[in-house]
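To start, the structure under review is shown below, and the notes come after it.
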There are 2 protein chains.
Amino acid sequence: MRADAQRNYDRLVAAARSAFAEQGADAALDDIAQRAGVGNATLYRHFPTRQALLEAVFRDHIDALCHRAGELTAAPSPGAALKEWLGEVIAYGSAERGLAAALGEDGSSCRAAVFEAAQGLLTRAQEAGEVRREVSVGQVFKLVNAVALVTETEPDPAGQAAGLLDLVFHGLAA
Amino acid sequence: MRADAQRNYDRLVAAARSAFAEQGADAALDDIAQRAGVGNATLYRHFPTRQALLEAVFRDHIDALCHRAGELTAAPSPGAALKEWLGEVIAYGSAERGLAAALGEDGSSCRAAVFEAAQGLLTRAQEAGEVRREVSVGQVFKLVNAVALVTETEPDPAGQAAGLLDLVFHGLAA
DNA sequence: ACCTGAACACCGTTCAAGT
DNA sequence: ACCTGAACACCGTTCAAGT
């Protein structure tokens, strides 16, 4: 990749990160290009879809979450580990508006990575008899994602999300 | 209200109903006006916000849900009654895309009516010891609304929603 | 190769002009 | 009063022209 292309790429991601944080996942793309000091078409060259841009912005977070899932797989209580991890997923989601959108979309590569990480924690919690057998990762994730989506526009998103997650998790328990 | 104004109002609601059903809650307003055979500005005269139009379209459903809540208050098992009712809320939501959007918005008058109806069922279920005391109507509704939102774009929304509602309801249980 | 601004299409919103 | 189409502003997407 040419040096100027790399520079533009980085600027776009940085501009998008702050735009998404301020205005949500539907921030205007032209605005993002302008903040980055770049022509709008350049944004499209690098990121053919808004989804691609969202994924680039949140890739670090996603990676961190996946890594964290690996750590928690070794935790003593599998049920508590799952709950802890879901809480962190939501915390990221409400801290940085738009993450939920990035994860919710179907084709997303982020989604695949996070799903895989979640599967490990879920299976372990189920084998320990702490979570109901018939629950699927897809269901867990839909609920968690739903909680993040519904709370992100509310006042005190973290507090609201925590309360709802308590209920959701109680629902998962065996 | 003048006769032609009334006629236009009705046409707009009918056109909006089918447009929302086909294209979701973000159907183009110009398109709706055109289907109704009415100038686009007339739509704004009658419905200053998209929210107002959504509420007009779903008012019948909302009224039916509120009425149903009244009936279920007399049902033998308060817990089952609440679950039954939440299931019907979601069924409306996934049958007619956009209802969830109509209910999710904060200022919505629909929201107030439905909240009140839900409060009766919830309180009764709590007093019967079937639902956890610390759960609020707001929380129940956020979860149910979240389930409707997350499932409405999936294949088999009704089935998915039913599975998630099972989990959610299990989480509410005392 | 990569970048750019302009052009186009689309949609929401407002307004001056009509009846 | 109420309705209308046109005008405007905004945003996403594409393209011909530049380096």
Side-chain angles (χ1 to χ4, degrees), chain A residues 1-58 97-102 104-108 153, chain B residues 1-58 97-102 104-108 153:
Chain A
M1 189 183 257
R2 237 166 59 179
D4 56 343
Q6 178 69 55
R7 199 196 53 207
N8 283 341
Y9 181 97
D10 293 339
R11 283 190 183 176
L12 280 166
V13 172
R17 174 169 290 119
S18 59
F20 289 146
E22 287 168 27
Q23 304 168 31
D26 54 353
L29 297 182
D30 270 21
D31 178 47
I32 291 173
Q34 203 175 348
R35 288 187 195 217
V38 154
N40 54 0
T42 298
L43 187 151
Y44 281 91
R45 167 169 295 275
H46 287 294
F47 307 99
T49 68
R50 164 178 248 108
Q51 194 61 30
L53 186 55
L54 280 167
E55 290 188 21
V57 166
F58 292 109
R97 291 164 61 185
L99 177 56
E105 203 61 29
D106 243 2
S108 150
T153 56
Chain B
M1 190 183 258
R2 236 166 60 176
D4 57 342
Q6 179 69 55
R7 200 196 52 208
N8 283 341
Y9 181 97
D10 293 339
R11 283 190 183 175
L12 281 166
V13 171
R17 174 168 291 119
S18 58
F20 289 147
E22 288 167 28
Q23 304 168 29
D26 54 352
L29 296 183
D30 269 21
D31 179 47
I32 291 174
Q34 204 175 347
R35 287 187 195 218
V38 155
N40 55 359
T42 298
L43 187 153
Y44 281 91
R45 167 169 295 276
H46 288 295
F47 307 100
T49 67
R50 163 178 250 109
Q51 194 62 30
L53 186 54
L54 280 167
E55 291 189 20
V57 167
F58 292 109
R97 292 163 58 185
L99 177 56
E105 203 61 30
D106 241 4
S108 152
T153 57

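Computed from a predicted model, the values in this text were never measured in an experiment.
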Could you state the atom-to-atom distance from CZ of A:Arg45 to C1' of C:dG5 in whole Å? 15 Å
With both distances under 3.5 angstrom, what nucleotide forms a Watson-Crick or G-U wobble pair with D:dC2? C:dG18
Whole-Å distance separating the CD atom of A:Gln34 from the C1' atom of C:dG5: 12 Å
Is B:Asn8 close to B:Leu43 at the side-chain level, that is, under 4.5 Å between some pair of heavy atoms? no
Strictly by Watson-Crick or wobble contacts shorter than 3.5 Å, is anything paired with D:dA9, and which nucleotide is it? none
Output one letter per nucleotide in nucleotides 6-19 of chain C: B when a protein non-hydrogen atom lies under 4.0 Å from the base, S when only the sugar-phosphate is that close, - when neither is. B----SSBBB----
Using OP1 and OP2 only, check whether a side-chain N or O of A:His46 sits under 4.0 Å from C:dC2. no
Within this structure, what is the OH-to-C1' distance between B:Tyr9 and D:dA1, rounded to whole angstrom? 18 Å
Are the side chains of B:Asp31 and B:Gln23 in contact, using a 4.5 Å heavy-atom criterion? yes
Residues B:Arg17, B:Glu22: salt bridge by 4.0 Å N-O rule: no
When rounded to the nearest 0.5 angstrom, what is the spacing between CG in A:Asp10 and NE2 in A:His46? 9.0 Å
Under 4.5 Å between any side-chain heavy atoms of A:Asn40 and A:Ile32, yes or no? no
Show your reasoning for whether side-chain contact (heavy atoms from CB on, under 4.5 Å) applies to B:Phe47 and B:Leu54. CA-CA 9 Å; B:Phe47 307 100; B:Leu54 280 167; over 6 Å; no
Rounded interatomic separation in angstrom, taking CD from B:Gln6 and C1' from D:dA1: 15 Å
